[in-house]
Amino acid sequence: MIETVSLSAARARGGVRLLMLRGLPSPWGQAAKSILELKSIPFVRAYQEAEDPSSLLREWTGQDSYPVLAYERERPRPGWADILLLAERLEPTPRLIPADPAGRTLVFGLAHEICGEMGLGWCGRLLTIDAQLREDPGNAFFAAFGAKYGYSPAAVAAAPRRCVEVLGQLDALLVRSTAAGTRYLLGADLGALDVYWAAFSNVLLPLPPDRCPMPDAFRPMFTCSHPEVVAALTPRLLAHRDFVYEHHLRLPMEL
């Protein structure tokens, strides 16, 4: 069991601290936690608690999104790429980023397609926000959430196509990997892309409740119903997600 502390307690201590959102399978947070666990980096998880000032996250990290990786007195890292790079520096093995420049460029480009703005996770969130606001146009929470993700008719219209594009790229990688006799997206060993795909798949089709024990009321929000996106979630992609979780990541997920 990973130690958990408040944001205030985390700020006052040293070592590695992962600031996370509690109770939901945020793919950015789950990916960051999985990377630290894969590398056996000791860390504590920090959550916003009642005793924490509401402005503490912004005061400490300069922004208001989770996750954030904090290490000693260095600047906090809120971005997925910065979190990955810091983890690689703290513990180089197992290597999750290829050593060669071409492989490294490929990983960061494809990881941005999953984790970055208008990537798989971002567009999955836009589809969720749109579904909730169509059902309840006056919902203040989802209106504010939408502003964070640039919610607009144009962004929502583009989101399914972007999801399909990214899923298509990942599926094609698996086809090539299988043909080459390797098991992972980019070769013979688990890499960052495998971790990101496993975590971010839960934005579109979450693992079952015994493996992803989120509150039942939230599960529909994490289940994409757009027909083109659902069709792009190939059995091959889902089987790879399941393989990565079963052989490398913590189950059931700790939320």
Side-chain angles (χ1 to χ4, degrees), residues 2 16 18 25-43 67 69 77 79-116 119-121 124 162-208 211-212 231-254:
I2 300 169
V16 180
L18 182 62
S26 165
W28 289 272
Q30 289 298 313
K33 179 169 67 68
S34 294
I35 287 167
L36 295 177
E37 291 177 338
L38 283 166
K39 291 177 169 292
S40 299
I41 297 173
F43 70 101
L69 187 59
R77 270 76 168 186
W80 65 267
D82 287 345
I83 289 172
L84 175 60
L85 287 167
L86 177 56
E88 287 279 279
R89 171 162 68 86
L90 294 177
E91 178 49 69
T93 57
R95 178 182 289 278
L96 298 179
I97 305 172
D100 64 290
R104 185 183 182 91
T105 300
L106 181 60
V107 163
F108 276 96
L110 289 170
H112 181 78
E113 291 287 276
I114 298 172
C115 311
L120 187 68
R162 287 289 297 130
C163 288
V164 170
E165 288 174 350
V166 178
L167 292 170
Q169 290 183 82
L170 296 175
D171 191 61
L173 282 178
L174 282 177
V175 170
R176 291 198 291 271
S177 179
T178 301
T182 56
R183 190 63 185 82
Y184 299 95
L185 282 165
L186 287 177
D189 299 311
L190 180 81
L193 283 183
D194 301 291
V195 177
Y196 289 135
W197 161 239
F200 279 76
S201 68
N202 291 293
V203 173
L204 303 176
L205 183 64
L207 288 164
R211 297 186 167 199
C212 180
L233 280 167
T234 65
R236 182 168 35 240
L237 281 171
L238 295 175
H240 186 65
R241 181 267 299 272
D242 293 344
F243 174 83
V244 171
Y245 267 107
E246 289 167 4
H247 290 84
H248 299 286
L249 307 184
R250 182 187 295 270
L251 284 175
M253 296 168 63
E254 288 189 347

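Since the model is a prediction, treat every value here as computed from it, not as a measurement.
With Asn202 contributing its side chain and Pro27 its backbone, the two residues share no donor-acceptor pair below 3.5 Å. For Glu254 (side chain) and Gln30 (main-chain N/O), no donor-acceptor pair under 3.5 Å exists by modelled atom type. For Glu37 (side chain) and Leu249 (main-chain N/O), no donor-acceptor pair under 3.5 Å exists by modelled atom type. Proximity of a side-chain donor or acceptor of Trp80 to a complementary backbone N or O of Trp28 within less than 3.5 Å is not detected.
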Give the intermediate values and the outcome of side chain to side chain contact (heavy atoms under 4.5 Å, CB included) for residues Val16 and Leu86.
CA-CA 10 Å; Val16 180; Leu86 177 56; over 6 Å; no
Under the side chain to side chain contact (heavy atoms under 4.5 Å, CB included) rule, what do Thr234 and Leu174 come out as? Steps first, then yes or no, please.
CA-CA 11 Å; Thr234 65; Leu174 282 177; over 6 Å; no
Please walk me through it: do Leu18 and Ile2 pass side chain to side chain contact (heavy atoms under 4.5 Å, CB included)?
CA-CA 11 Å; Leu18 182 62; Ile2 300 169; over 6 Å; no
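Looking at Asp82, Ile35, Leu36 one by one, the single match for side-chain contact (heavy atoms from CB on, under 4.5 Å) with Leu69 turns out to be Leu36.
The distance from the CG atom of Asp100 to the CG atom of Leu106 is 9.0 Å, given to the nearest 0.5 Å. In this structure, Leu190 CG and Phe243 CZ are separated by 8.5 Å, a value rounded to the nearest 0.5 Å. Gln169 contributes atom CD, which lies 10.5 Å from atom CG of Leu120 (distance to the nearest 0.5 angstrom). Here Trp197 contributes atom CH2 and Leu238 contributes atom CG; the two are 6.0 Å apart, rounded to the nearest 0.5 Å. Atoms CG and CG, on Leu185 and Leu110 in that order, are 8.5 Å from each other to the nearest 0.5 Å. Note that OG of Ser177 is 12.0 Å distant from CG of Leu170, once rounded to the nearest 0.5 Å.
Of all heavy-atom pairs spanning Met253 and Pro25, the tightest one is CE-CB, 3.8 Å. Nearest heavy atom pair, residue Ser34 against residue Val195, reads CB-CG1, 4.0 Å. Closest heavy-atom contact between Gly124 and Cys163: N-SG, 4.1 Å. Counting all heavy atoms, side chain and backbone alike, Val244 lies closest to Ala198 at CG1-CB, 3.9 Å. Across all non-hydrogen atoms, the minimal contact from Ala81 to Phe108 is CB-CE2, 4.0 Å. The two atoms that bring Ala232 and Leu237 nearest to each other are O-CD1, 3.6 Å, heavy atoms only.
Annotation: side chain of Leu251 is in contact with side chain of Leu207 (closest heavy-atom distance under 4.5 Å). Counting heavy atoms from C-beta on, the side chains of Pro94 and Asp189 never come closer than 4.5 Å.
Glu113 meets the salt bridge (charged side-chain N to carboxylate O under 4.0 Å, His left out) test with Arg162; sequence neighbours excluded.
Evaluation of the ring-ring contact (aromatic ring centres under 6.0 Å, His included) test over residues 83-102, restricted to residues two or more places apart or in two chains, returns none. Sorted by first and then second residue, the pairs that involve residues 236-245 and meet salt bridge (charged side-chain N to carboxylate O under 4.0 Å, His left out), not counting sequence neighbours, are Asp171-Arg236.
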